Number of protein chains: 2
Amino acid sequence: MGNPTIPDIVIGRLPIYLRALQRMDQSGQQVTSSHELGEMLGISPPQIRKDLSLFGEFGKQGTGYHVQFLASQLQSILHLNQVWDIAIVGAGDVGHALARYQGFRDRGFQVKMIFDNDQNKIGRKIGEFTIQDIAEMAEKIQEAGIRVAMLAVPAAFAQPVTDALVKAGVKAILNYAPIQISAPPDVKVQYIDPALHLQRMSYYLK
Amino acid sequence: MGNPTIPDIVIGRLPIYLRALQRMDQSGQQVTSSHELGEMLGISPPQIRKDLSLFGEFGKQGTGYHVQFLASQLQSILHLNQVWDIAIVGAGDVGHALARYQGFRDRGFQVKMIFDNDQNKIGRKIGEFTIQDIAEMAEKIQEAGIRVAMLAVPAAFAQPVTDALVKAGVKAILNYAPIQISAPPDVKVQYIDPALHLQRMSYYLK
DNA sequence: TAGATTGTTAATCGATTAACAATC
DNA sequence: TAGATTGTTAATCGATTAACAATC
């Protein structure tokens, strides 16, 4: 069970730590330290130690952290001991790229279905998936018990599709549509909008 | 010129304000308030007023903000009065989706070229763009004076490609590779890793 | 052991918010 | 005018960091 007093900003750093640890593990490294992790990630060592200490004592004084052990602890904290099924809504370029992206499986997620409302797309295949009719979305998601969705529809559809996903029992939505959506407090929403990142950087461009 | 004392966290919110204002403008709305914007974005009204006041006085007491005026001020602050040319590195699924994404143009950016190191891809077209050899990347970017790049290569190539981009004069990199990259302080880097967002949400899933 | 690094407290730093005078 | 909303100060809140005892 998650401790409800952990700040969300700390939760946001855990996957970053995990990603670094998994890279270390893949390269055969067995031990690391808050200093090394901090160097690698641009995060201060005490910050890392403090974050981790909110969940337990994972290190050894004088030695540091055992890479595999810490990684598995973080996976457990983040509920990544299981593979979460994902539904993709929207089979345009973004939905297409997400459906084919190979990087989810190793990191606790697995695309299971993809929906669109375009009759020309429905029935066509993307890799192993057949694009399904969005009219059947709620039913299919409920049947499969899917809790995680990625939203790759035009901005105008984002809110109605969100409402349908919430009704179907989805609790986590990664929204690629360039618009704020509203959902009940028990439904987490994260946003990806590349233009937002670019605009943030262009402030610093002369 | 940007005021160097503005916190980066404030800069990060300006594009969010701008996006909301542009939607209002498109729907014909002429005036808004910090309260309405805050409601829409989940940001407190005083926060919005304080952020904006760091750059000037853009509102009218009793009335609020003129949507078009505030939007144009934000565009100017963010250096979005011009269109920034972008180079994409990596012509896989992600690079492909980015090259075809229609959402950049209205928001101050324009894809100009795309590179890959795969001989089977070089010379093929994505929309209007011909995939170019990454061996010619530095030269082409320098010639065109491109300052902004999007990185959509495998993690193992992210750092060497970054080094090449920096040498070629790129000052802003949006990195889709799931790995931290290092660049000089005058080169801004932003990250997009969907798995990171998913993992952050799965903490809250039971 | 000596050196290194954790976990944690206290201090600092920075960001957010409450409150309100100014004024449209 | 009366009502509404800004811009801004002061207070609060929360996050980061410095420092160090504990200990491997």
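To find a chain, count down the sequence lines: A is the first, B the second, and so on, and within it residues start at 1. These figures come from a predicted structure and were not determined experimentally.
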Exercise for review: List the atom of A/I131, the atom of A/A91, and the distance in Å for their closest heavy-atom pair.
Suggested key: CD1-CB, 3.7 Å

**Study point:** Between P of D/dT5 and CD of B/E39, the distance in whole Å
**Key:** 13 Å

Check your understanding: In terms of heavy-atom contacts, does CD of B/Q102 have more than 12 from other residues, nucleotides or ligands at under 6.0 Å?
Key -> no

Practice item. Verify the distance criterion only: is there a donor paired with an acceptor across the side chains of B/Y204 and A/D8 at less than 3.5 Å? Key: yes

Point to revise | Length of the line joining A/H66:NE2 and C/dT6:P, which is rounded to integer Å | key: 15 Å

Point to revise | Pairing stems for DNA chain D [at least three consecutive pairs; Watson-Crick or G-U; under 3.5 angstrom] | key: C:3-24 with D:3-24

Exercise for review: Please report the closest heavy-atom contact between B/I77 and A/Y203, naming both atoms and the distance.
Suggested key: O-CD1, 3.3 Å

Check your understanding: Which residue lies toward the 5' end of DNA chain C, A/G62 or A/S53, if each is placed at its nearest nucleotide?
Key -> A/G62

Practice item. Can you figure out which of D/dT5, C/dT8, C/dT6 approaches the side chain of A/S33 most closely? Key: C/dT6

Revision key, fill the gap. Atom NE2 of A/H35 and atom C1' of C/dT6 are separated, to the nearest Å, by 14 Å

Check your understanding: Counting side-chain heavy atoms from C-beta on, which of D/dG7, D/dA15, C/dT9 comes nearest to A/K50?
Key -> C/dT9

Check your understanding: Does D/dT6 have OP1 or OP2 sitting under 4.0 Å from an N or O in the side chain of B/R49?
Key -> yes

Review point. Expressed in angstrom and rounded to an integer, what is the separation of A/D51 atom CG from C/dT6 atom C1'?
Key: 14 Å

Review point. With distance as the sole criterion, is a donor-acceptor pair present between the side chains of A/R19 and B/Q199 under 3.5 Å?
Key: no

Practice item. Would you indicate whether the side-chain heavy atoms of B/L165 and B/M137 approach each other to under 4.5 Å? Key: yes

Review point. Phosphate oxygens OP1/OP2 of D/dT6: is one of them under 4.0 Å from a side-chain N or O of B/S34?
Key: yes

Practice item. Check whether any side-chain nitrogen or oxygen of B/S44 sits under 4.0 Å from OP1 or OP2 of C/dT17, and answer yes or no. Key: yes

Revision key, fill the gap. Correct closest heavy-atom pair for A/L174 and B/M201 would be N-CE, 3.9 Å

Study note, to complete from the structure: Which of D/dT6, D/dA22, C/dA19 is nearest the side chain of A/Q61? It is D/dA22

Point to revise | Sub-4.5 Å side-chain heavy-atom contact between B/W84 and A/L198 | key: no

Point to revise | B/Q30 atom CD, over 12 foreign heavy atoms within 6.0 Å | key: no

Exercise for review: Might you point out which heavy atoms bring B/S202 and A/L80 nearest each other, and give the distance in Å?
Suggested key: OG-CD2, 3.4 Å

Check your understanding: To the nearest Å, how far apart are B/Q47 CD and D/dG14 C1'?
Key -> 13 Å

Practice item. Round to a whole Å and report the spacing from CG of A/L52 to C1' of C/dT6. Key: 11 Å

Exercise for review: Can you tell me the distance, in whole Å, between the CD atom of A/E57 and the P atom of D/dT23?
Suggested key: 10 Å

Review point. Is any side-chain nitrogen or oxygen of B/Y65 closer than 4.0 Å to OP1 or OP2 of D/dA4?
Key: no

Practice item. For DNA chain C, find the residues of residues 8-28 of chain B with a heavy-atom distance under 4.0 Å and give them by number; none if there aren't any. Key: B/I9, B/R13

Study note, to complete from the structure: Here the distance between atom C1' of D/dG7 and atom CG of B/L70, to the nearest Å, is 14 Å

